[in-house]
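Numbered from 1 within each chain, the chains take letters A, B, ... in sequence-line order.
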Amino acid sequence: MIGLVLAASDWTYVGWSYVVVIGTLVTFAVWTVLRGRRIGRRLPPEERRWM
Amino acid sequence: MSPDNVDPRGGRDPGTGAGLFRMHPDGTASRGSRILGIVVLLASAAFLFVALVASPPDDQSENAMGDLVRIMYLHVPAAVACYLAFFVTAVGSIGYLRKRTEGWDLLAAASAEVGVVFTALTLVTGSIWGHIAWGSWWEWDARLTSTLVMFLVYIGYLALRSAILDPVVRAKRAAIVGVVAFVNVPIVHYSVDWWRSLHQGPTISRFDPTIDGLKLFALMFGMLLGIAVYVWLMIHRFRMQYAAAHLEARGLDLALAERRAEASGASATAQAAATAAGSEPVGASTVEKEVLR
């Protein structure tokens, strides 16, 4: 494992950075949308002022 | 009813719009946020092309970073987004302390949640870059340490919010912390000027940026996209917080009504016993009234 890390090129680090950032933001966005739906389901429609 | 007429959603509202613009009936999306989301998705694809394909490696500047400069297109926008998020948290906190209205408190909370995510991304991408540039995943440098402190302070802010049950007490205490915590943000930003730091100085926050051409374009594009992603996430977190707060209030009302009903039920039982013993029942419908409320 350490050997692999040492052998990694700049592009490997660049790639991991993009994967971490995009993966985190997409996961956070999906979690937010799904949690919003779960909570919104229990709220009467007349109280959802954004609709 | 024939099988063709059966609503798969069980008679619930199917939502408005069609295709990509269809909004879930229970969700936190509106037409505006849906349009912003689509713009962000399209811009993200264009950004990936510019950042990873179109822009050249950094071979000419004083401290040439080669292809590692592409990490900066994520790192700097994430840092800008977390500054903005914590600024909005401070504004929301001040707004709550002045007006004492729920919206300011929810704005501060939603923005802090998104800001913590962007701060974590700033730390991670900086660490990856530092591993190659400095030969170390972490250095107790002024910029890195102050950013870590900022991250922990806002984690504490969110922990405080979830630890206090009373919404009014929670909003007031969180607002005070939200204002005080923002003091650290300028410290983070100016730490590279105030102390000797391994971290490089400003790249574009002056009139002669140290990068130009497509590299500068990729960085600016990334910053605009980071702000757009922050706004989209913040809108949805705000609406989620709003729904949660209203559910919490309804839950409290219901619990109070149940308690009153229980108390009235006890007195109704006593009255029933008194009736059985030959006395006149008084206020027999109290339980029904409380439950209906």
Side-chain angles (χ1 to χ4, degrees), chain A, chain B residues 12-13 15-16 23-33 37 40 44 48 51-52 57 65-75 77-78 110 113-114 117-118 120-122 124-129 131-132 226 229 232-233 235-244 246-247 249-251:
Chain A
M1 182 66 192
I2 293 172
L4 278 176
V5 171
L6 290 175
S9 69
D10 287 359
W11 270 104
T12 308
Y13 290 99
V14 171
W16 274 112
S17 299
Y18 279 76
V19 166
V20 167
V21 170
I22 294 169
T24 303
L25 289 177
V26 167
T27 304
F28 186 64
V30 169
W31 178 61
T32 297
V33 167
L34 293 182
R35 188 149 180 257
R37 285 180 189 175
R38 202 164 56 239
I39 295 174
R41 195 169 296 142
R42 292 157 57 199
L43 197 69
E46 64 271 15
E47 288 196 36
R48 293 181 217 152
R49 291 169 57 183
W50 56 87
M51 294 295 282
Chain B
R12 288 164 58 209
D13 180 3
T16 55
M23 280 167 291
H24 195 281
D26 303 327
T28 47
S30 58
R31 186 172 171 78
S33 71
V40 163
S44 298
L48 286 176
L52 295 175
M65 291 192 281
D67 285 315
L68 284 181
V69 74
R70 301 177 203 282
I71 296 178
M72 292 300 106
Y73 306 149
L74 297 174
H75 177 71
E113 287 173 343
V114 181
V117 172
F118 275 108
L121 292 176
T122 306
V124 170
T125 51
S127 181
I128 292 172
W129 184 85
H131 180 66
I132 303 177
V229 171
W232 187 89
L233 285 170
I235 289 170
H236 284 265
R237 298 298 297 186
F238 177 85
R239 289 170 179 169
M240 198 181 79
Q241 293 272 357
Y242 176 89
H246 280 244
L247 269 183
R250 288 170 65 87

Non-hydrogen atoms of [X] and [Y] that approach each other most closely:
X	Y	value
A:Tyr18	B:Arg70	OH-O, 2.7 Å
B:Thr28	A:Gly36	CG2-CA, 3.9 Å
A:Phe28	B:Glu113	CZ-O, 4.3 Å
A:Val21	B:Leu121	CA-CD2, 3.9 Å

For A:Ser17, is it the side chain, the backbone, both, or neither that has a heavy atom closer than 4.5 Å to a heavy atom of chain B?
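A:Ser17 touches chain B through backbone and side-chain heavy atoms alike.
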Measure distances from A:Leu34 to the heavy atoms of chain B and classify the residue's part below 4.5 Å as side chain, backbone, both or neither.
neither
Kindly compute the distance separating [atom1] ([X]) from [atom2] ([Y]), expressed to the nearest 0.5 Å.
X	Y	atom1	atom2	answer
B:Leu68	A:Trp11	CG	CH2	10.0 Å
A:Thr32	B:Phe238	OG1	CZ	14.5 Å
B:His236	A:Arg37	NE2	CZ	10.0 Å
B:His246	A:Arg42	NE2	CZ	14.5 Å
A:Ile39	B:Leu247	CD1	CG	7.0 Å

Stepwise side-chain contact (heavy atoms from CB on, under 4.5 Å) check, A:Arg38 with B:Met240
CA-CA 9 Å; A:Arg38 202 164 56 239; B:Met240 198 181 79; over 6 Å; no
Which atoms of B:Leu48 are under 4.5 Å from chain A, going by heavy atoms: the side chain, the backbone, both sets, or neither?
side chain
Please classify the contact of B:Trp129 with chain A as side chain, backbone, both or neither, using a heavy-atom distance under 4.5 Å.
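Contact with chain A: none, neither part.
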Let's test your reading of the structure: which of B:Ile235, B:Leu233, B:Val69, B:Thr125 forms the most heavy-atom pairs below 4.5 Å with chain A?
B:Leu233
Checking side chain to side chain contact (heavy atoms under 4.5 Å, CB included) against A:Leu25, which of B:Val40, B:Val229, B:Val114 comes through?
B:Val229
Any donor and acceptor pair, going by atom type alone, linking the side chain of A:Tyr13 with main-chain N or O of B:Ile71 inside 3.5 Å?
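Not a single qualifying donor-acceptor pair exists.
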